[in-house]
Amino acid sequence: MQGSSIWQPQGRESVTPAKLDWRALERKWQKKWDWRKIHETDSDSRRPKYYVTAAYPYPNSPQHIGHARTYTIADVNARYHRMRGYNTLFPMGFHYTGSPLFAMAKRLREGDPEIVEAFTRIYGIPRSMQEKLKDPKSMASYFRDDIKKGMVEIGLSIDWRREFTTIDPLYSRYIEWHFRTLNQKGLITRGTHPVAWCPNDKSPVGVVDTQGDVEPEIGDSYLVKFEKDGVFYPTSTLRPETVFGVTNLWVNPKATYVRATVNEESWVISRETVGKLQHQNHKVVVEREIPAGELLWNTVRNPVTGNDFPIFPGSFVDPDNGTGVVMSVPGHAPYDYQALIDLKERYAGSAEAGPILQATNPISIIRLEGFSDFPAKDQIKKFEVKDQNDPRLEPATQELYSREFHDGVMRENTGSYSGMPVAKAREAIVQELTRQGKIETLLELRNAPVVCRCGTKCLVHILENQWFINYGDLEWKKLAHKCLDQLVILPEEIRAEFNYTLDWLRERACARTVGLGTKLPWDPSWTIEALSDSVVYMAYYILSKYFAKDWVVFKKFEKDTSELPDAFFNFTLLGEGAIDGVAKETGVPKRILSAIRTEFEYFYPVDMRHSARELVSNHLSFYIFHHSTLFPERQWPKGIVANGFVLMEGAKMSKSLQNIIPLRQGIARFGADPVRVGVLATAELGQDTDFSEGLAASIQQRLAILIGQARRLGAKKTAGKSKTSILDRWMISRLSIAVLTATNALDRLRVREAINIILYQLDNDAAWYKRRLGPRKPRSDNRDRILRRVLETRTRMMAPLAPHTAEEIWSRIGNKGFVVQSDWPEEVENERDPKAELAEALVRQLLDDTSEILKATGMTPKRIAYFTAADWKWQVYLKALKAAGEKNRQGDFIKEIMGDPLLRSLGKNAADYASKALKQANQMPDEMRQSRLQDGITAEKTIFANAADFYQREFKSPINVWKEGDTGISDPKDRARMSEPYRPAIYLE
RNA sequence: GCGGGGGUUGCCAAGACAGGUCAAAGGCGCAGGGCUCAGGACCCUGUCCCGUAGGGGUUCGUGGGUUCAAAUCCCACCCCCCGCACCA
């Protein structure tokens with residue numbers, strides 16, 4: 001273990017940390033760990049187990065620094081528990097399911113500049129390699145390999161024997177079992193469901209499938225059907241209640257319309273509407289095309305009022321929005337109002353159209369506080385709209401719609417809805433018109449146009465016979481809640497989010513027609529989608545080890561998975577069925593079956609599931625749901641931890657900002673441990689954390705300094721003196737407290753706090769210790785022995801966080817074996833030394849007070865004298881502490897004090913001090929009062945006298961220490977009188 | 001809209017659940033000093049304002065309130081971030 005190779009040649013005796021070759025150091029220890037297989041974990045009934053899992057990665061791009069956060073936290077947790085004596089399992093797999101791999105490969109094939117740029121510029125993948133990635137599976141295996149290397153390089157303590165992908169035949173077989181079991185429990189349902197759809201790809205589109213990553217929003221709109229001679233003119237609207245205020249219809253004069261039979265009715269709609277209706281399962285037969293001109297100026301009948309009115313040209317009408325036929329409510333819709341004005345102007349001189357237009361005027365049907373009868377007109381003025389194509393119409397409309405919806409009231413001319421709030425009236429009118437067959441609903445993309453990556457405009461499609469997992473099942477919800485209630489959630493604040501999600505989840509589509517994955521066992525035309533096949537795979541890690549290890553036995557199932565019956569899973573995972581029967585049915589030897597069963601029973605449930613915060617509302621909640629129904633209560637998950645994002649130099653990482661550091665590049669540049677600590681050090685769990693090069697560099701320095709310390713101390717044990725000083729005891733006491741708080745912090749995965757204590761806090765203590773000791777005097781103190789002790793304990797605590805550095809230090813200070821396999825230090829009660837702590841606190845306080853006086857006065861001391869409080873003051877002080885606890889009144893207290901003959905002899909002095917002491921005691925927090933009471937009279941004079949040479953060094957001045965009332969005291973300004981317990985008087989000259 | 005999280009002293013970030021020891025940890029940055037040939041690193045000191053005696057004043061998004069005492073508890077308001085489904 002002579003690691004001189006990790007130092008580059010310039011190293012020499014003076015430690016120059018920047019010269020450390022981190023990669024060599026890391027590789028050295030990773031090799032040794034690997035050689036000794038220390039991360040391979042099997043069941044061991046003699047030891048308690050701990051099972052950690054983290055969300056497996058999706059290999060459609062390399063991982064970056066951000067991904068490292070979840071995995072590093074999981075690894076810290078795993079390593080910490082190993083050192084606490086738990087037989088700890090931390091496995092990893094790869095998620096291939098779904099279409100993102102296809103999508104990514106496709107974008108690469110098509111030369112999508114964003115992707116090519118990212119792969120080339122950010123990830124540094126050579127062009128020649130990119131060729132190979134154009135095939136989805138090659139891409140997956142390439143990135144899988146890259147991600148795995150990254151995980152090894154950053155030092156994750158993973159048992160790689162259990163690795164798998166979600167398209168392995170036996171994994172698919174497992175998911176089939178999973179879904180069949182859910183189905184048997186009645187939790188799979190079938191139904192009809194609207195989705196955003198690309199008619200070209202014939203597939204649903206989500207946010208990742210659209211140009212510009214737009215999330216398609218689906219919403220209902222209403223089709224109010226106007227009529228003329230048995231022909232219907234369905235108009236699309238979000239505000240059916242305004243039908244009372246309709247004065248005309250609009251059609252786009254440049255658009256083409258069709259007459260079509262829709263569900264046995266004759267409709268007039270835009271040409272673009274036909275496809276939309278068909279995708280929503282309407283039967284549409286087009287009879288003929290109608291140019292818009294043919295429709296203009298005709299009249300139609302209002303289905304509610306029965307009035308006839310004309311159809312006008314409106315250039316603002318989008319034939320692709322709704323039906324391309326729009327009802328006009330100029331009193332309350334700014335677009336309509338403006339269009340009417342434009343039209344009147346344009347046809348002012350027309351003998352034909354002029355009169356009709358002049359007769360068309362806004363109708364007021366909604367009363368709205370703060371607006372005139374025609375709010376649309378008010379808005380046009382307010383937003384200074386120029387014409388019907390003015391973009392300011394949009395916000396004008398938005399604002400008015402929302403105001404009217406929330407605060408508007410229907411007027412007298414709206415029949416039975418008169419006096420109703422608008423929101424209520426809308427509901428009522430929809431109900432009534434639906435009954436009369438005068439209204440229908442149309443699903444629309446609210447944020448149209450949404451364009452698929454293939455370039456096609458998306459629309460809403462109703463998928464028939466879609467398969468769902470029914471999270472709405474009430475019994476299931478109850479189970480899930482019960483499971484959640486007994487889960488440890490870190491950070492605890494996100495529990496509310498879980499509760500909300502469990503309540504809110506209902507049917508969720510669980511299968512798609514495209515993408516990689518497992519076919520639905522009873523309907524192979526569907527593939528189980530990615531968020532549904534990834535919720536119980538933690539159990540599969542137990543199986544996968546045996547699938548690999550007993551390869552010969554399981555090989556035949558890989559060729560034909562149907563040979564592996566559900567009985568196998570029911571037995572190994574649920575303990576159902578008799579082993580003999582299962583062995584016979586499967587041909588798997590009993591020995592193996594029972595080994596799997598034993599191992600499963602041993603490791604399950606998962607003790608801590610690590611994931612990112614944004615998965616709370618889907619993956620992690622599904623995880624709870626599925627486990628609660630699939631497994632018995634004793635095998636329900638025990639804990640979930642969800643961490644926030646990693647920011648890069650304060651900004652969100654994004655391909656466009658080019659501020660992504662790929663993990664492996666980061667490791668190469670900064671080293672594994674600096675990256676590990678870097679993603680953990682600046683924020684607590686739930687918070688977003690910020691990574692920066694500066695941070696990584698500074699952590700690297702810090703770690704190198706510790707290695708340097710180890711180097712200086714060397715492997716040889718130093719004898720030191722057997723008798724420890726109070727200062728030595730203080731240092732050990734501080735160490736003991738550090739162990740205690742770091743342990744508490746890691747128990748709750750407060751990793752940031754642990755790093756703070758272990759890497760920084762202890763440095764400050766050690767620095768104080770050395771400063772107090774002063775210049776090194778060989779053989780006269782214990783410093784090397786104590787500092788070695790501190791470093792050794794500290795190294796063990798560093799091991800989960802920065803394992804490579806810890807190993808290096810561990811070996812350099814002469815320890816055998818791996819520090820990562822050593823025991824986590826325990827706080828030793830009798831090493832806590834409150835007296836030493838108190839003494840040092842006093843020494844420090846006096847140092848600060850003296851400095852402050854020097855600073856305020858600007859003087860350079862020729863002599864410094866400290867006067868500690870007289871014994872009688874201590875007596876009064878302690879009595880005051882007691883009295884404050886008992887809520888004594890001031891007067892009574894002073895009387896009591898003056899009852900003491902000795903104190904009475906001191907006269908006013910004693911009374912004054914008594915009143916001051918009581919006041920202080922009353923303001924003190926309870927805890928402090930108690931501890932001071934317990935400490936009793938402190939030997940301040942001794943403490944300060946012992947520190948005299950320290951003060952002398954610090955202030956470069958002679959120091960005298962007296963107790964108030966000592967004989968021979970030199971106190972020209974009579975300052976000793978001002979001394980108080982815990983607050984010696986100071987005299988400077 | 002619904003739900004969740006947050007706004008702290010130049011920046012980042014603890015503290016808040018359990019109100020007093022909080023002008024408020026720690027890190028970064030900045031300034032001065034030590035060490036050094038020098039730079040870096042390291043160590044010390046300072047870093048809201050005032051102050052020739054360890055003190056005083058004003059601060060924790062804004063405005064109120066409770067309390068002997070509020071960054072912390074209560075109410076109202078303003079602002080920022082995240083999740084909301086067929087997408088991993």
Side-chain angles (χ1 to χ4, degrees), chain A residues 14-18 55 57-58 60 95 97-101 103 193-196 204-209 213 215-216 402 463 466-468 471 491-501 503-512 515 529-532 534 613-619 644-645 647 650 652 681-684 686-690 692 694-695 698-699 701-702 704-705 708 750 752-753 755-757 759-761 764 767 770-771 845-846 848-859 922-929 931-932 954 973 975 978 983-988:
Chain A
S14 70
V15 177
T16 42
Y58 194 90
N60 72 340
H95 200 196
T97 312
S99 49
L101 267 168
H193 190 73
V195 293
V205 289
V207 59
V208 293
D209 308 310
D213 288 336
E215 166 111 54
S402 141
L463 263 179
Q466 169 71 273
W467 292 98
F468 299 95
Y471 295 111
E492 178 61 31
E493 295 91 75
I494 58 174
R495 187 180 293 277
E497 227 170 312
F498 272 109
N499 268 315
Y500 177 78
T501 307
D503 285 335
W504 169 83
L505 282 169
R506 26 179 225 271
E507 289 107 336
R508 186 196 150 87
C510 62
R512 303 188 73 190
E529 63 80 48
L531 277 170
S532 301
S534 60
R613 216 186 154 146
E614 70 264 24
L615 296 184
V616 168
S617 62
N618 45 55
H619 166 77
F645 284 113
L647 304 174
K652 219 168 168 171
T682 65
E684 283 300 353
Q687 243 49 50
D688 290 351
T689 191
D690 191 20
S692 64
L695 176 73
S698 108
I699 292 164
Q701 294 287 5
R702 173 69 45 151
I705 286 164
R750 297 182 56 110
R752 192 195 70 91
E753 191 183 337
I755 287 173
N756 215 1
I757 295 162
L759 252 39
Y760 297 94
Q761 192 77 31
N764 292 338
K770 283 187 269 190
R771 184 176 170 194
Q845 185 58 49
L846 190 56
D848 290 345
D849 280 348
T850 309
S851 303
E852 187 160 347
I853 296 169
L854 290 174
K855 186 185 148 207
T857 58
M859 57 197 284
N922 274 326
Q923 284 174 345
M924 214 176 269
D926 266 356
E927 240 173 80
M928 191 175 188
R929 208 154 44 208
S931 78
R932 289 199 170 176
E954 293 286 327
K973 286 258 171 81
R975 299 207 67 94
M978 299 174 69
R983 194 173 181 279
I986 300 169
Y987 169 69
L988 304 177

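All values below were derived from every heavy atom in this structure, side-chain atoms included, with hydrogens, water molecules and symmetry-related copies excluded. Within every chain, numbering begins at 1; the chains are lettered A, B, ... in the order of the sequence lines, protein sequences first and strands thereafter.
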Using atom [atom1] of [X] as one end and atom [atom2] of [N] as the other, report the distance to the nearest whole Å.
X         : N      : atom1 : atom2 : answer
Ile494(A) : G5(B)  : CD1   : P     : 10 Å
Met928(A) : A69(B) : CE    : P     : 21 Å
Ile699(A) : A41(B) : CD1   : P     : 15 Å
Arg613(A) : G3(B)  : CZ    : P     : 17 Å
Glu497(A) : G4(B)  : CD    : P     : 9 Å
Asp849(A) : A53(B) : CG    : P     : 14 Å
Gln701(A) : C42(B) : CD    : C1'   : 10 Å
Met978(A) : G55(B) : CE    : C1'   : 11 Å

Which of the following nucleotides, [options], is nearest to the side chain of [X]?
X         : options                : answer
Asn618(A) : G54(B), A88(B), G26(B) : A88(B)
Tyr760(A) : G26(B), A88(B), A53(B) : G26(B)
Ile705(A) : C82(B), C42(B), A88(B) : C42(B)
Ala496(A) : U21(B), G4(B), A53(B)  : G4(B)
Leu531(A) : G51(B), A88(B), G5(B)  : A88(B)

If we only count heavy atoms from C-beta on, is the [X] to [Y] side-chain gap below 4.5 Å?
X         : Y         : value
Met859(A) : Leu988(A) : yes
Phe468(A) : Arg506(A) : no
Asp848(A) : Thr850(A) : no
Arg983(A) : Met978(A) : no
Leu695(A) : Asp690(A) : no
Ser534(A) : His619(A) : yes
His193(A) : Val195(A) : yes
Arg752(A) : Thr682(A) : no

*For the pair Arg613(A) (side chain) and Phe645(A) (backbone), establish whether a donor and an acceptor sit closer than 3.5 Å, ignoring hydrogens and angles.*
no
Mind checking who [N] pairs with, Watson-Crick or G-U wobble, both distances under 3.5 Å?
N      : value
G40(B) : none
C73(B) : G65(B)
C84(B) : G1(B)
U21(B) : none
U47(B) : G29(B)

Can you tell me, in whole Å, how much space there is between the [atom1] of [N] and that of [M]?
N      : M      : atom1 : value
A25(B) : C74(B) : P     : 25 Å
A23(B) : C35(B) : P     : 36 Å
A41(B) : G34(B) : C1'   : 14 Å
U9(B)  : C60(B) : P     : 10 Å
G26(B) : C48(B) : P     : 13 Å
G61(B) : C17(B) : P     : 15 Å
G3(B)  : G10(B) : P     : 35 Å
C44(B) : G57(B) : P     : 32 Å

*Specify the residue among Ile986(A) and Lys652(A) whose closest nucleotide of RNA chain B lies further upstream toward the 5′ end.*
Ile986(A)
*asked:* Closest-nucleotide mapping onto RNA chain B: is Gly858(A) or Ser617(A) further toward the 5' terminus? I mean the 5' end.
replied: Gly858(A)
Checking all strands, does [X] fall into the base, sugar-phosphate, or nothing category for heavy-atom contacts under 4.0 angstrom?
X         : answer
Lys973(A) : nothing
Tyr987(A) : base
His193(A) : base
Tyr500(A) : base
Pro491(A) : nothing
Glu852(A) : base
Arg771(A) : sugar-phosphate
Val205(A) : sugar-phosphate
Ala985(A) : base
Leu463(A) : nothing

*In B/S/- notation, 5' to 3', how is nucleotides 12-20 of chain B contacted by protein heavy atoms closer than 4.0 Å?*
-SSS----S
*Are any of Lys855(A)'s side-chain N or O atoms less than 4.0 Å away from OP1 or OP2 of G54(B)?*
no
*OP1, OP2 of A53(B) versus side-chain N and O of Arg983(A): anything below 4.0 Å?*
no
*Could you check Ser532(A) against Glu529(A) for side chain to side chain donor-acceptor pair (under 3.5 Å), going step by step and ending with a plain yes or no?*
CA-CA 6 Å; Ser532(A) 301; Glu529(A) 63 80 48; 2.5 Å; yes
_Regarding Glu492(A) and Arg495(A), does a basic nitrogen lie under 4.0 Å from an acidic carboxylate oxygen?_
yes
